[in-house]
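Numbers here are sequence positions counted from 1. Not measured: the values here are computed from a predicted model. When a ligand or atom number is given, it counts from 1 through the structure's own listing order.
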Amino acid sequence: MTEEEVRFEGIFFPKQILSPEMLQEVREEFTFKEEDVLILTFPKSGTNWMIEIICLILSKGDTKWIQSVPNWDRSPWLESISGYENLKNKEGPRLISSHLPIQLFPKAFFKSKAKMIYIIRNPRDIIVSGYFFWKSTNLVKRPESLEQYFEWFIQGNVPYGSWFDHIRGWLPMRDKENVLILSYEELKRDTRSAVEKICQFLGKKLEPEELSSVVENSSFQVMKENNMSNFSLLKGLHLGDTGCLLRKGTPGDWKNYFTVAQAEAFDKLFQEKMADLPQELFPWQ
Ligand SMILES: Nc1ncnc2c1ncn2[C@@H]1O[C@H](COP(=O)(O)O)[C@@H](OP(=O)(O)O)[C@H]1O
Ligand SMILES: CCc1ccc(OS(=O)(=O)O)cc1
């Protein structure tokens with residue numbers, strides 16, 4: 001373990017922003033309101049895209065909120081010290097982000113009616129996205145090469161642990177009526193239909209022009225230019241000069257980085273670990 005990371009129940013987390021004691025408190029003591037909306041992801045699955053979409057839905061397409069408040073304050077990060085404090089004191093319905101695996105998630109959720117959207121993404125693209133992101137932050141030990149990060153990822157030795165365990169942990173929740181599972185790939189393929197699905201899940205009725213504003217203002221290009229959404233405010237604090245959240249935004253970018261041997265090794269591992277799950281849950285396969 002390096003000085004940049006903290007380990008809790010065998011999983012490592014970015015240091016600086018949380019502690020084992022608060023992770024324990026979050027699991028045992030955090031409570032939900034029925035009107036809360038949760039965005040749950042393995043890091044680099046499209047968390048901040050979903051934050052933008054939901055903020056716009058809740059604002060009926062009005063861009064004032066997304067243009068004036070940083071995304072981490074609009075949807076505080078449950079397992080960060082500042083996000084946790086913010087959430088505990090927040091009045092009214094809350095938008096909450098988390099990357100926690102199911103076994104570390106607040107116990108109260110499993111008896112609550114709070115709604116959760118879980119985003120899944122091709123893990124190969126998560127590897128590439130994570131490599132470029134984490135190597136430009138001071139939150140974890142920086143990978144020296146994609147090859148090294150690939151190895152760490154398949155061993156589950158990356159922030160928030162094994163992607164396979166994360167997915168296997170959360171997918172059994174898919175039949176609950178307060179849980180919606182969406183893939184990054186379907187969001188990308190037909191954003192408007194995916195936004196309609198999210199509106200229906202949240203019980204929000206939008207006019208066609210409001211829906212168009214949600215789709216347009218949560219697009220990669222618009223988010224990349226919005227300083228409240230693109231993490232540029234974190235430069236010098238947690239992100240280096242080359243660091244960026246909105247890097248490429250393209251499904252399948254892994255093909256530009258994986259070697260043939262890595263692609264084959266990953267296919268084999270995916271088969272070994274996920275073959276027993278319904279394959280339609282993985283629309284990139
Ligand atoms: N509006 C948008 N459209 C498409 N991809 C988006 C997006 N907003 C963020 N992303 C992508 O989501 C990934 C970050 O995920 P997270 O928010 O969970 O950290 C990045 O992937 P890439 O690094 O592949 O570009 C980022 O570009
Ligand atoms: C508080 C800054 C910060 C750092 C890293 C993050 O990771 S992720 O984009 O959610 O995966 C988020 C916020």
- Mind checking whether F266 and W254 have ring centres under 6.0 Å apart? no
- Query: Is it true that D125 lies under 4.0 Å from ligand 1, counting heavy atoms only?
  - Reply: no
- Could you tell me if any non-hydrogen atom of F133 lies under 4.0 Å from any atom of ligand 1? no
- Message: Which residues pass the side chain to side chain contact (heavy atoms under 4.5 Å, CB included) test with P278, not counting sequence neighbours?
- Response: R174, E280, L281
When you compare the side chain of [Y] with that of [X], does any pair of heavy atoms fall below 4.5 Å?
X	Y	answer
I102	F109	no
L246	N48	no
W49	T41	no

List every atom of ligand 1 that sits less than 4.0 Å from any heavy atom of [X], numbering the atoms from 1 in the order shown and giving each element.
X	result
L246	7 (C), 8 (N), 9 (C), 27 (O)
N48	16 (P), 17 (O), 19 (O)
S219	1 (N)
G46	12 (O), 15 (O), 16 (P), 17 (O), 18 (O)
M223	1 (N), 8 (N)

Can an N or O of [X] be found at a distance shorter than 3.5 Å from an N or O of ligand 1?
X	answer
H99	no
T47	yes
S45	yes

- Is the cationic atom of K88 (NZ for Lys, CZ for Arg) positioned less than 6.0 Å from the six-membered ring centroid of Y84 and within 45 degrees of its normal? yes
- Just going by heavy-atom distances, which of K44, R121, K248 is nearest to atom 24 (O) of ligand 1? R121
Do NZ/NE/NH1/NH2 and the carboxylate oxygens of [X] and [Y] come within less than 4.0 Å?
X	Y	result
E272	K268	yes
E52	R74	yes
R124	D267	yes

- Query: Heavy-atom contacts under 4.0 Å between V128 and ligand 1: side chain, backbone, both, or neither?
  - Reply: neither
- Query: What part of F132, side chain, backbone, both or neither, has a heavy atom within less than 4.0 angstrom of ligand 1?
  - Reply: neither
